[in-house]
Amino acid sequence: MLISRVGLHIPPSLTYTGWERTGAQLARIFDSSAWCLGDWLVCGQENYADRYVRAVEAAGLDYQTLRNYAWVARRFPLERRRELLSFQHHAEVASLVPGEQDRWLDRAEKGRWSRNELRRWLRGTRLDKKAAAEATSMIPRVAVAAERVERWRAAAQRADDQLENWMVLILDRAAEDVLSTEST
């Protein structure tokens, strides 16, 4: 077999067993390609910051797609990735904290859920949480510059937390600091 950019060159002497084995290998390559590109990008960001943009352009893929690959790869070190689940399964839970990611991936693995089934379960849980949250008090919406929100997202990601949880933690700390200085 010879793989080229435009397709697969199949020899006329290919047996059924060879054809079947090739299909399985291609499926593994396809499933691992998002992980490999994500790992490659993370490595580039960490080691070649001045050349990273040129490398992304050289890859010839959509910038946002590559950025998503890198984000998911960063959220799941090699030892936490599940071989029985696709990259897309991992992408579905990547925004969660690691313990929640593992819990959902465990359920998906045990139930042999498709990516869509995992997504349905997550949506149902989020709707339940949203209803519970609406029963508690809500804070007013605050308009802020997009740069600030991105900075906060980066800080939350570095703290390995969801943005909303991180914001509540930071606000609680700030309130504690202000209130403790008022009483002294």
query: Can you tell me how far CG of N165 sits from CD1 of I170, rounded to the nearest 0.5 angstrom?
result: 11.5 Å
field: Check against side-chain contact (heavy atoms from CB on, under 4.5 Å), E100 and V93
entry: CA-CA 8 Å; E100 284 292 295; V93 299; over 6 Å; no
- prompt: Mind checking what makes salt bridge (Lys or Arg N to Asp or Glu O under 4.0 Å) contact with R81, not counting sequence neighbours?
  reply: D39
- line: side-chain contact (heavy atoms from CB on, under 4.5 Å) filter on R141, not counting sequence neighbours, yields none
Please report, to 0.1 Å, the donor-acceptor pairs under 3.5 Å made by any side chain of residues 146-157, with sequence neighbours excluded.
none

task: Tell me, please, which residues at least two apart from Y69 pass ring pair (Phe, Tyr, Trp, His ring centres under 6.0 Å).
output: F87
Note, V97 side chain near Q101 side chain (heavy atom, < 4.5 Å): no
message: Which residues pass the salt bridge (Lys or Arg N to Asp or Glu O under 4.0 Å) test with D161, not counting sequence neighbours?
response: none
Let me have the donor-acceptor pairs involving side chains of residues 107-115, under 3.5 Å, with sequence neighbours excluded, atom names and distances please.
residue, atom, partner, partner atom, Å
E109, OE1, R82, NH1, 2.9
S114, OG, N116, N, 3.4
S114, OG, E117, N, 3.0

field: Pairs meeting criterion side-chain hydrogen bond (donor to acceptor under 3.5 Å, both in side chains) with involvement of residues 11-21, two or more places apart
entry: Y16-E20
query: Say you draw a straight line from CH2 of W166 to CG of L171; how long is it, rounded to the nearest 0.5 Å?
result: 8.5 Å
statement: Residues at least two apart in sequence or cross-chain that pass side-chain contact (heavy atoms from CB on, under 4.5 Å) with Y63, listed by chain then number, are V56, R67
- request: Using atom types as modelled and distance alone, determine if a side-chain donor or acceptor of D31 lies under 3.5 Å from a backbone N or O of A27.
  value: no
- prompt: Are V6 and I10 connected in a single hydrophobic cluster, I mean Ile/Leu/Val/Met/Phe/Trp/Tyr linked by side-chain heavy atoms less than 4.5 Å apart?
  reply: no
field: Spacing of R80 atom CZ and D102 atom CG [to the nearest 0.5 Å]
entry: 4.0 Å
- prompt: Just wondering, do L61 and T65 contact through their side chains at under 4.5 Å, heavy atoms?
  reply: no
message: Can you tell me how far apart CG (L14) and OG1 (T22) are? Round to the nearest 0.5 Å.
response: 5.5 Å
field: With sequence neighbours excluded, residues passing side-chain contact (heavy atoms from CB on, under 4.5 Å) with I3
entry: L8, L26
query: When Ile, Leu, Val, Met, Phe, Trp and Tyr are grouped by side-chain heavy atoms lying under 4.5 Å apart, directly or through other members, which residues fall in the same group as V42?
result: none
query: If you measure from CD on Q162 to CE on M167, what distance do you get to the nearest 0.5 Å?
result: 13.0 Å
query: More than 12 foreign heavy atoms under 6.0 Å from CD of E83: is that the case here?
result: no
message: Please enumerate all residues that pass side-chain contact (heavy atoms from CB on, under 4.5 Å) together with L169, with sequence neighbours excluded.
response: R173
statement: Checking L118, D106, L105 against L85 for side chain to side chain contact (heavy atoms under 4.5 Å, CB included), the one that qualifies is L105
Please report, to 0.1 Å, the donor-acceptor pairs under 3.5 Å made by any side chain of residues 70-77, with sequence neighbours excluded.
residue, atom, partner, partner atom, Å
R74, NH2, Q45, OE1, 2.1
R75, NE, A94, O, 2.7
R75, NH1, D160, OD1, 3.0
R75, NH2, A94, O, 2.9
R75, NH2, L96, O, 2.5

